[in-house]
**Student:** 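Okay, handing you the structure first.
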There are 2 protein chains.
Amino acid sequence: MKATIYDVAKAAGVSIATVSNAINGKGKISKERREQILKIMEQLDYQPSLIASALVGKKTFTLGLLIPDISNPFFGEIARAIEDQAHQSGYSVIICSTDNKDERVERYISLLEQKSVDGIIIGTGIDNIEILKRLETRSIPFVMISRETAAIAADTVVTDDYIGGMLAAQHLAGLGHRRLAILSENLKVSSSRERIRGFKQGLSDLNVPFDDSGIVICEYRVEEGRRGADELLSRGDKPTAIFCCNDLLAIGAMQAAKKSGVKVPDDLSIVGFDDTILAGVTDPPLTSVAQPIERMGKQAFELLIDNLVNTDAVKQRIVLRPELVVRQSTQQAR
Amino acid sequence: MKATIYDVAKAAGVSIATVSNAINGKGKISKERREQILKIMEQLDYQPSLIASALVGKKTFTLGLLIPDISNPFFGEIARAIEDQAHQSGYSVIICSTDNKDERVERYISLLEQKSVDGIIIGTGIDNIEILKRLETRSIPFVMISRETAAIAADTVVTDDYIGGMLAAQHLAGLGHRRLAILSENLKVSSSRERIRGFKQGLSDLNVPFDDSGIVICEYRVEEGRRGADELLSRGDKPTAIFCCNDLLAIGAMQAAKKSGVKVPDDLSIVGFDDTILAGVTDPPLTSVAQPIERMGKQAFELLIDNLVNTDAVKQRIVLRPELVVRQSTQQAR
DNA sequence: TTGAAAGCGATACCAG
DNA sequence: CTGGTATCGCTTTCAA
């Protein structure tokens, strides 16, 4: 059987209170006693039970991470960034892939609640605002990462999607492109809207005309991106450049281009978003707007921890600047 | 404050024991009482504390998952498969990215131990066998997935790497290739050795000669794969086909080929391994040996659960058959 | 069918 | 400095 604090106390000939103090460095214990106890703990291979200490009111040192799908490289990277931060502070993180389904979100949150996690990081879309409100009333700290809700005051860390769109626009316009198009996922996602808005603003700043008919909306998968791009490429005045609101769509666009004999980047420049591992793997490698994932993870974790300490701190919204990573899917317009 | 079982009991005018029984369907309770209690639980928005029930000896319904890196798509998929299985049975999983470092493995295991996880799924290489032995003596159930240790009797679920190698060989030989090469990662990993052994056997079965000088070893990243392939392609008698022991290396090989003007698949066929999301994204899409990840996750979870129930069951080793997914990176030899 | 009471393993307060 | 002891929220006998 696993050793408990009682075993240690008995072996050391002291009370459990003293052992507890020795472990946590609380109270005053003579140095000798302390070392003696520590030694015995080692001999007994004793590991304090976090379960028990969580019950007496301390924290569980466990976090929940809600994302659409851990097998999606973008979220895998987010998870890794958060995991690293958390681990440094002794926290572990429970993954919850929601598939963007509110029903799964609810199940997971209820589970996390029962497990008394210290907080939740939400990186998945949540349609039903009640879910977040519930978190609030139950005073479970949470922060949003890479997603937003206007409907509720919440700590948030996001990439500046507007700037991201702008960077793409400046890059493409700078290369001389004048016939541009946008491939975007569902406009319900605020980040897509912002990316588009930034892109259009970027163009307009440079006096490059753009008409909304150049925007094609599709789901977020490669497959759909391909179909969306097909449509764009079959038009009378084909675009010479497409801005895609994520890498998956960009890959779809590249595949569509190839199928219809349009050469990337010679005949068509393509810019993606997220700069996932996929961007470096396509042929040609994809120019993409990179989100500062590592810093996002760090900030999200820190916000959450602040929340634990200072329950009623003012909610913050941290906006991080993206960066354009130029590879070979874009070139001078001809 | 969160409602406890006492609040429910008081509100229902019964004892906590009765509430407990109502929740768990244990003992005998009149149907009316039960429903009355359930209703009150709902009114109070009561969620039983898993922490408390874990303390009284029940399970924590939490698992640890040790993998090298959750941001690597292959492990992301493994994690997802396991998460889905686990979630179905009410378990949650804690991710532990080890970077293949024993020191991180130890820290994580000790953490998982303190959190009293019900079991651990190990999908990462562990050099120090003592770590596993320790798990054994502490009777923490664990299963290995996609990794093996001969040094200890453990439940294991792996892909049949030998067959996987063979499938690749048969495919390439069947296409008429005679000058073949292998790009493999570190031979310390048993799966690499098996893949190579299977590949060679497959060729020899078909009377296709193969010399060990055609094997190039490198690390597992794209970058190194490129260098390894460079070497192969600069040789006097270039291979017409390369079998790569994972997708990342295959991508490296594709890049090397492109750089030196060798066309894939016209001049060079390439086969990868793992069939990650990356395989569908390269140009041309990569022919790859797919591991049945979903089934692996399912089996691993089931083995673990069996372990919980039946502590001293005979250790099993489950070997799953891989499958060749033919895409466009391979074609008839000319 | 229901309830009283004894833990589970730790923390923390209050005496000594 | 050190040690009782109540407590956290729940499960589980054992009686009633």
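Quick caveat, the model's predicted, so the values are computed rather than measured. So that the names make sense, note that chain A is the first sequence line, chain B the second, and so on, each numbered from 1.
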**Student:** From the options D:dT2, C:dG3, C:dG9, select the nucleotide whose nearest atom is closest to the side chain of B:A17.
**Tutor:** C:dG3

**Student:** Side-chain N or O of A:R33 versus OP1/OP2 of D:dT2: is the shortest distance under 4.0 Å?
**Tutor:** yes

**Student:** Please give, in whole Å, the distance from D:dT11 C1' to B:K59 NZ?
**Tutor:** 15 Å

**Student:** Go through C:dC8, C:dA12, D:dT2 for me and flag the one nearest to the B:V56 side chain.
**Tutor:** C:dC8

**Student:** Distance check needed: D:dG9 P versus A:E113 CD, whole Å only.
**Tutor:** 15 Å

**Student:** Rounded to the Å, how far apart are A:I29 CD1 and C:dT11 P?
**Tutor:** 12 Å

**Student:** Hey, are B:T62 and B:K115 close enough side-chain-wise for a donor-acceptor pair under 3.5 Å?
**Tutor:** no

**Student:** D:dC10, OP1 or OP2 - any side-chain N/O from B:S20 closer than 4.0 Å?
**Tutor:** no

**Student:** Please pick, from D:dT11, C:dA10, C:dG3, the nucleotide with the shortest atom-to-atom distance to any side-chain atom of A:I5.
**Tutor:** C:dA10

**Student:** Would you check, one step at a time, whether the test side chain to side chain contact (heavy atoms under 4.5 Å, CB included) holds for A:T149 with A:I122?
**Tutor:** CA-CA 11 Å; A:T149 341; A:I122 301 179; over 6 Å; no

**Student:** For the residue pair A:Y91 and A:F301, does the interplanar ring angle fall in the parallel (under 30°), tilted (30 to 60°) or perpendicular (over 60°) class?
**Tutor:** perpendicular

**Student:** Quickly work out the A:Q36 CD to D:dC1 P distance and round it to whole Å.
**Tutor:** 15 Å

**Student:** Any base atoms under 4.0 Å from B:T4, or only sugar-phosphate, or nothing? Heavy atoms, all strands.
**Tutor:** sugar-phosphate

**Student:** Mind checking if A:V14 touches a base, just sugar-phosphate, or nothing, with heavy atoms under 4.0 Å?
**Tutor:** sugar-phosphate

**Student:** Starting from C1' on C:dT2, measure out to CD1 on B:I37 and report it in whole angstrom.
**Tutor:** 10 Å

**Student:** C:dA4 phosphate, OP1 or OP2: any side-chain N/O from B:S15 under 4.0 angstrom?
**Tutor:** no

**Student:** Can you tell me if the side-chain N/O atoms of B:N24 get under 4.0 Å from OP1 or OP2 in D:dT11?
**Tutor:** yes

**Student:** Under 3.5 Å, is there a donor on one side chain and an acceptor on the other for B:S71 and B:D69?
**Tutor:** yes

**Student:** Kindly point out which of D:dG3, C:dG3, D:dC10 is positioned nearest to the side chain of B:S49?
**Tutor:** D:dC10

**Student:** Give a yes or no on whether a donor-acceptor pair under 3.5 Å exists between the nucleobase atoms of D:dC10, that is its base, and the side chain of B:Y6.
**Tutor:** yes

**Student:** For A:I16, which contact category applies under a 4.0 Å heavy-atom criterion: base, sugar-phosphate, or nothing?
**Tutor:** base

**Student:** Nearest whole angstrom, please: distance from the P of D:dC10 to the CG of A:L55.
**Tutor:** 9 Å

**Student:** Taking only Lys NZ, Arg NE, NH1 and NH2, and the carboxylate oxygens of Asp or Glu, determine whether B:E106 and B:K101 approach each other closer than 4.0 Å.
**Tutor:** no

**Student:** As a test of reading the structure: which of D:dT7, C:dT2, D:dT11 is closest to the side chain of B:S53, going by heavy atoms?
**Tutor:** D:dT11

**Student:** In whole angstroms, how far is the C1' atom of D:dG9 from the OH atom of B:Y46?
**Tutor:** 7 Å

**Student:** If you assign each of A:A52 and B:G13 to its closest nucleotide in DNA chain C, which residue comes earlier from the 5' end?
**Tutor:** B:G13

**Student:** A side-chain contact here means heavy atoms from C-beta on lying under 4.5 Å apart; do B:I78 and B:I145 qualify?
**Tutor:** yes

**Student:** Using the C1' atoms of the five pairs at each end, what is the angle between the end axes of the helix from C:dT1-D:dA16 to C:dG16-D:dC1, to 10°?
**Tutor:** 40°

**Student:** Determine, step by step, whether B:T60 and B:D118 satisfy the side-chain hydrogen bond (donor to acceptor under 3.5 Å, both in side chains) criterion, reporting the C-alpha distance in whole Å, the side-chain angles of both residues, the deciding distance to 0.1 Å, and the verdict.
**Tutor:** CA-CA 6 Å; B:T60 53; B:D118 294 335; 3.1 Å; yes

**Student:** Is B:I126 close to B:I129 at the side-chain level, that is, under 4.5 Å between some pair of heavy atoms?
**Tutor:** no

**Student:** Starting at atom CD of B:E32, determine the distance to atom P of C:dT1, rounded to an integer number of angstrom.
**Tutor:** 10 Å

**Student:** Considering only C:dA4, D:dG3, D:dC10, which nucleotide approaches the side chain of B:P48 most closely?
**Tutor:** D:dC10

